[in-house]
*Asks:* 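Quick one: this structure, given as structure tokens, is what I'll be asking you about.
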Amino acid sequence: TTTTTTTPAVPTLTIGNTTIRVSSDLANFVAACKSGSIPAGSVEIIFGHALASNEIPAFNKVIQDFMKEYPCIKVTVKPYADMNSLKSAVIAAVAVGQPGAGPDVFTWAHDWIGSFADAGRIVALDKYLPPESIQDIRAQLLPVAGAAVTYKLKMYGVPYAGEAIALIINKKMVSTPPTTFDEMKAIMQQFYNPGQEKYGLAYQIDPYHIYPWITAFGGYWYDQLTDTIGVNSTQTKEGLIFFIENILPYLYYQDLGAPTQPNLFFTEKAPMIITGPWNLAGINQTIGLNNVIVEAIPPIIINNTKYIPKPFSGFRNMYITALAEQGGKNRILASILFTLYVGLNDDAVKTLMVENGYVPVKLSVLQYLEADKDKYPIVYGFAQAVINSTPMPNSPKMDVVWNVGTYLNAVINAYTSAMSAGKPQSEAIQAAVAQVGPQLDQAYAAIVQALSTLTT
């Protein structure tokens with residue numbers, strides 16, 4: 001006698017034009033919600049955000065579309081003044097453990113995931129969805145975006161947009177955008193004339209902004225996958241030295257921070273800037289977005305070998321808080337559904353792209369953007385930067401590793417001090433290069449020491 005066993009089929013859920021496998025609980029909840037078995041508006045979830053005022057209308061449109069499709073769910077929007085207010089509110093509300101005291105779902109960049117997950121403030125999708133769901137969700141996303149919201153092998157939320165710094169060129173000053181670093185350097189050399197307050201590039205210097213040159217040669221600050229510190233690796237030092245020798249000499253060195261550096265580009269004292277979408281409003285007010293080109297930082301080619309600068313990327317994420325599950329089964333299921341909708345519904349992602357200028361990370365919308373890149377040139381340019389990016393680590397250890405900035409400043413100060421003292425630029429470059437090894441070695445020792453006392 002032979003017996004056969006059949007594995008029950010995993011139910012599916014279609015969100016827009018995307019179908020994923022889900023849990024029976026979620027599939028049944030959606031069916032009941034759409035059929036009216038669950039009364040309209042009877043399941044309330046609170047969505048928290050610290051969005052800028054110009055970003056809110058697009059989200060409101062997405063939320064209205066969501067509630068229309070799932071009438072049993074009422075999404076109450078709770079704005080917060082800024083990042084710190086949002087963070088404090090989530091921490092306090094989860095500590096109280098009272099549903100409704102704070103957001104069930106909130107949006108912020110992915111780099112809070114590690115500390116929030118370790119503290120039990122957010123919920124992994126894996127807790128309520130089967131492995132097949134996670135596989136299907138990941139298959140819809142740009143791999144770096146899926147990696148960004150993964151922590152200790154679990155997926156926390158769904159990313160819906162990404163950002164990274166890119167090269168922005170003033171078309172009125174540069175007729176042909178550079179396709180290689182050598183071409184970019186030639187433009188910097190052409191425009192650099194400090195006597196006339198003209199510079200080759202506007203560029204803010206800190207561990208975040210300088211990272212593309214570190215990664216181009218295989219360096220890194222912190223590798224979360226291997227849990228290793230790379231601040232003083234040979235490749236990291238090589239990248240920093242490349243920056244000092246090939247980029248720093250063409251900058252306005254007396255103030256390498258914001259708002260001075262962006263203002264150099266706004267006032268056309270520099271033909272190019274390396275920055276993120278947060279400066280687009282300023283560019284639009286001064287130069288006009290129709291007068292700029294955005295592209296990924298061009299590759300460095302040395303002896304026929306191509307080195308790709310990979311900036312840090314941040315991903316806007318939908319977090320599900322512990323309050324959602326404390327509010328009962330329907331509340332957590334509604335929170336999960338809302339999270340999936342924002343990240344996987346093509347219409348929702350397109351709305352945020354078109355109206356807010358967000359770079360989509362859903363592959364199907366990226367394909368749409370590629371086909372219509374002439375219609376959305378700014379978003380497309382930043383998308384190329386995101387595709388060639390490295391997600392910021394979401395581990396709490398990165399909070400310590402950022403302290404490399406103190407030692408990076410010491411290296412750059414060796415250059416600026418020499419220049420301010422009237423020494424030849426060649427000597428200033430040598431002074432900075434001489435500090436790279438000692439300072440990054442000190443940074444490594446200090447970071448390792450600090451991490452040894454960090455409890456996770």
*Asks:* Checking side-chain polar atoms at under 3.5 Å, does D82 have a donor or acceptor matched by the opposite partner on S85?
*Replies:*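 Yes, S85 and D82 have a side-chain donor paired with an acceptor closer than 3.5 Å.
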*Asks:* With heavy-atom distances below 4.5 Å as the criterion, would you say the side chains of D118 and P396 are in contact?
*Replies:*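 D118 vs P396: side chains touch.
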*Asks:* Holding to side chain to side chain contact (heavy atoms under 4.5 Å, CB included), I want the full list of residues that pass it with D372, two or more places apart in sequence or in another chain.
*Replies:*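 For D372, the residues satisfying side chain to side chain contact (heavy atoms under 4.5 Å, CB included) (neighbours in sequence not counted) are Y368, K375, Y376.
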*Asks:* If you count heavy atoms of other groups shown closer than 6.0 angstrom to NZ of K172, is the number above 12?
*Replies:*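 Correct, the count exceeds 12.
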*Asks:* Can you tell me how far CD of E69 sits from CG of L337, rounded to the nearest 0.5 angstrom?
*Replies:*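 So the CG of L337 and the CD of E69 are separated by 8.0 Å.
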*Asks:* How close do T321 and V123 get, counting heavy atoms only, and between which atoms?
*Replies:*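 Nearest heavy atoms, T321 then V123: O-CG2, 3.7 Å.
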*Asks:* Would you say that more than 12 heavy atoms from the other residues, nucleotides or ligands in this model lie under 6.0 Å from the OH of Y220, or not?
*Replies:*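 Enclosed.
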*Asks:* Please check if the number of heavy atoms outside K74 that lie under 6.0 Å from its NZ is greater than 12.
*Replies:*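 Count not over threshold, so no.
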*Asks:* Are Y156 and Y319, when compared by the centres of their aromatic rings, separated by less than 6.0 Å?
*Replies:*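 Between Y156 and Y319, the centre distance exceeds or equals 6.0 Å.
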*Asks:* If every non-hydrogen atom of N388 is compared with every non-hydrogen atom of P311, which pair is closest and at what distance?
*Replies:*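 So the two residues come closest at O-CD, 3.5 Å.
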*Asks:* Would a distance-only check, ignoring hydrogens and angles, find a side-chain to backbone donor-acceptor pair under 3.5 Å from N356 to L352?
*Replies:*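 The answer is no, because no donor-acceptor pair under 3.5 Å joins these two groups.
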*Asks:* Give me the one residue out of L240, I302, T236, T234 that meets side chain to side chain contact (heavy atoms under 4.5 Å, CB included) with F217.
*Replies:*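 With F217 as partner, L240, I302, T236, T234 yield a single side chain to side chain contact (heavy atoms under 4.5 Å, CB included), made by I302.
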*Asks:* Are F243 and Y203, when compared by the centres of their aromatic rings, separated by less than 6.0 Å?
*Replies:*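 Centroid separation for F243 and Y203: below 6.0 Å.
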*Asks:* Find the distance between CD1 (I73) and OH (Y341) and round it off to the nearest 0.5 Å.
*Replies:*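 I73 CD1 to Y341 OH: 11.0 Å, rounded to 0.5 Å.
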*Asks:* Side chains of S115 and R121: any donor to acceptor distance under 3.5 Å?
*Replies:*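 On atom types as modelled, these side chains do not qualify, holding no pair under 3.5 Å.
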*Asks:* In Å and rounded to the nearest 0.5 Å, what is the CG to NZ distance from L369 to K350?
*Replies:*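 If we round to the nearest 0.5 Å, L369:CG and K350:NZ are 10.5 Å apart.
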*Asks:* Taking all atoms of both residues into account, what is the closest heavy-atom pair of A148 and I113, and its distance?
*Replies:*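 Minimum heavy-atom contact is O-CD1, 3.9 Å.
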*Asks:* For V349 and P360, work out which heavy atoms get closest and say how close.
*Replies:*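 So the two residues come closest at CG1-CB, 3.7 Å.
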*Asks:* Hey, could you give me the NZ/CD1 distance between K185 and I300, rounded to the nearest 0.5 Å?
*Replies:*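 Those atoms lie 10.5 Å apart.
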*Asks:* Considering non-hydrogen atoms only, spot the tightest contact between I378 and L289 and give its length.
*Replies:*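 Smallest heavy-atom distance, with atoms named: CD1-O, 4.0 Å.
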*Asks:* Verify the distance criterion only: is there a donor paired with an acceptor across the side chains of T19 and T14 at less than 3.5 Å?
*Replies:*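 Side-chain D/A pair, T19 to T14: present.
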*Asks:* Is a salt bridge present between R21 and D136, judged by a nitrogen-to-oxygen distance below 4.0 Å?
*Replies:*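 Salt bridge flag = yes for D136 with R21.
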*Asks:* Within the side chain of N246, is there an N or O that forms a donor-acceptor pair under 3.5 Å with the backbone of F242?
*Replies:*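 Side chain of N246 to backbone of F242: a pair is present.
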*Asks:* So do the side chains of M392 and H110 get within less than 4.5 Å of each other, counting heavy atoms only?
*Replies:*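 Yes; the side chains approach each other to less than 4.5 Å.
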*Asks:* Could you tell me if T275 and N279 have a donor-acceptor pair between their side chains, going purely by distance under 3.5 Å?
*Replies:*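 Yes, side-chain donor-acceptor contact under 3.5 Å.
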*Asks:* Do the side chain of T267 and the main chain of N263 share a donor and acceptor less than 3.5 angstrom apart?
*Replies:*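 Between the backbone of N263 and the side chain of T267 there is a qualifying donor-acceptor contact (under 3.5 Å).
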*Asks:* Would you indicate whether the side-chain heavy atoms of I274 and I168 approach each other to under 4.5 Å?
*Replies:*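 The answer is no, as the side chains (C-beta and beyond) never meet within the 4.5 Å cut-off.
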*Asks:* Keeping T180 on the side-chain end and E183 on the backbone end, is there a donor-acceptor pair under 3.5 Å?
*Replies:*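 Here the side-chain-to-backbone pair exists.
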*Asks:* Nearest 0.5 Å, what's the CG-CG distance between L340 and L125?
*Replies:*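 So the gap between those two atoms works out to 6.5 Å.
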*Asks:* May I ask you to test the N394-Q224 pair for a side-chain heavy-atom distance under 4.5 Å?
*Replies:*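 They are in side-chain contact.
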*Asks:* Measuring from Y407:OH to N232:CG, what's the distance to the nearest 0.5 Å?
*Replies:*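 CG of N232 is found 12.0 Å from OH of Y407.
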*Asks:* Can the ring centres of W213 and F181 be said to be less than 6.0 Å apart?
*Replies:*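 Yes; F181 has its ring centre under 6.0 Å from that of W213.
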*Asks:* Is R316 salt-bridged to E55, cutoff N-O under 4.0 Å?
*Replies:*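 So R316 pairs with E55 through a salt bridge.
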*Asks:* Are E325 and Y128 close enough that a side-chain donor and a side-chain acceptor fall under 3.5 Å?
*Replies:*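 Judged by distance alone, the side chains do pair up.
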*Asks:* State, with a plain yes or no, whether a side-chain heavy atom of T215 is found less than 4.5 Å away from one of F312.
*Replies:*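 No; the side chains remain at least 4.5 Å from each other.
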*Asks:* Counting N and O atoms only, with roles assigned by atom type, does the side chain of N345 sit under 3.5 Å from a partner on the main chain of V342, one being a donor and the other an acceptor?
*Replies:*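 No, N345 side chain to V342 backbone: no donor-acceptor pair under 3.5 Å.
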*Asks:* Please answer whether the main-chain N or O of L26 pairs with a side-chain N or O of S23 as donor and acceptor at a distance below 3.5 Å.
*Replies:*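 It does hold such a pair.
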*Asks:* Looking at residues at least two apart in the chain, or sitting in another chain, which of them share a side chain to side chain contact (heavy atoms under 4.5 Å, CB included) with A145?
*Replies:*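 Testing A145 for side chain to side chain contact (heavy atoms under 4.5 Å, CB included), a comparison that skips the adjacent residues, returns L142, P159, F315, V361.
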*Asks:* On the 0 to 90° scale, with breaks at 30° and 60°, tag the W112-F116 ring pair as parallel, tilted or perpendicular.
*Replies:*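 Correct class here is parallel.
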*Asks:* Please walk me through it: do L141 and L363 pass side-chain contact (heavy atoms from CB on, under 4.5 Å)?
*Replies:* CA-CA 5 Å; L141 302 172; L363 294 175; 5.8 Å; no
*Asks:* Could you tabulate the donor-acceptor pairs under 3.5 Å formed by side-chain atoms of residues 102-109, not counting sequence neighbours?
*Replies:*
from, atom 1, to, atom 2, distance (Å)
D104, OD1, R331, NE, 3.0
D104, OD2, I46, N, 2.7
D104, OD2, R331, NE, 3.1
D104, OD2, R331, NH2, 3.0
T107, OG1, Y160, OH, 2.5
T107, OG1, N317, O, 3.0

*Asks:* At their closest point, which heavy atom of K154 faces which heavy atom of A124, and how far apart are they?
*Replies:*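 Of all heavy-atom pairs spanning K154 and A124, the closest is CB-CB, 3.9 Å.
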*Asks:* Evaluate V404 against L440 for side-chain contact (heavy atoms from CB on, under 4.5 Å), listing each step before the verdict.
*Replies:* CA-CA 8 Å; V404 70; L440 293 187; 4.2 Å; yes
*Asks:* If only side-chain N and O atoms count, and only distance matters, is there a donor-acceptor pair under 3.5 Å linking E44 with T76?
*Replies:*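 There is such a pair between these side chains.
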*Asks:* For V90 and L323, what are the C-alpha separation, side-chain angles and deciding distance, and is it a side-chain contact (heavy atoms from CB on, under 4.5 Å)?
*Replies:* CA-CA 9 Å; V90 172; L323 291 173; over 6 Å; no
*Asks:* Indicate whether any N or O donor in one side chain lies under 3.5 Å from an N or O acceptor in the other, for S364 and K362.
*Replies:*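 Looking only at side-chain atoms, K362 and S364 do form a donor-acceptor pair, the distance falling under 3.5 Å.
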*Asks:* With distance as the sole test, does K171 use its side chain to make a donor-acceptor pair with the main-chain N or O of N290 at under 3.5 Å?
*Replies:*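 Indeed, once roles are kept as given, a pair shorter than 3.5 Å links the two residues.
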*Asks:* Please examine the side chains of V144 and T390, heavy atoms only from C-beta on, and report whether any two atoms are closer than 4.5 Å.
*Replies:*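 Side chain of T390 against side chain of V144, heavy atoms only: no contact under 4.5 Å found.
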*Asks:* Look at atom NZ of K310 and say whether more than 12 heavy atoms of other residues, nucleotides or ligands are closer to it than 6.0 Å.
*Replies:*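 Counting neighbours around NZ of K310, 12 or fewer heavy atoms of other residues, nucleotides or ligands fall under 6.0 Å, so no.
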*Asks:* With a 4.5 Å heavy-atom cut-off, do L366 and E370 have their side chains touching?
*Replies:*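 The answer is no, as the side chains (C-beta and beyond) never meet within the 4.5 Å cut-off.
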*Asks:* Start with the C-alpha gap between Q384 and E295, add the side-chain angles, then the distance that decides, and say whether side-chain contact (heavy atoms from CB on, under 4.5 Å) holds.
*Replies:* CA-CA 7 Å; Q384 301 315 298; E295 61 179 33; over 6 Å; no
*Asks:* Looking at Q261 and G257, would you say the former's side chain and the latter's main chain have a donor-acceptor pair under 3.5 Å?
*Replies:*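 No; zero donor-acceptor contacts below 3.5 Å.
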*Asks:* Is there a donor-acceptor contact under 3.5 Å from the side chain of T18 to the main chain of L344?
*Replies:*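 Judged by distance alone, yes, a pair lies under 3.5 Å.
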*Asks:* What class does the angle between the rings of W278 and Y208 fall in, given that below 30° is parallel, 30 to 60° is tilted and above 60° is perpendicular?
*Replies:*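 Because their plane-to-plane angle lies in the 30° to 60° range, the rings of W278 and Y208 count as tilted.
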*Asks:* With a 4.5 Å cut-off on side-chain heavy atoms, are I137 and M155 touching?
*Replies:*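 Yes, their side chains come closer than 4.5 Å.
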*Asks:* Is a side-chain donor or acceptor of N284 paired with a backbone partner of L280 at a separation under 3.5 angstrom?
*Replies:*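 It does not hold such a pair.
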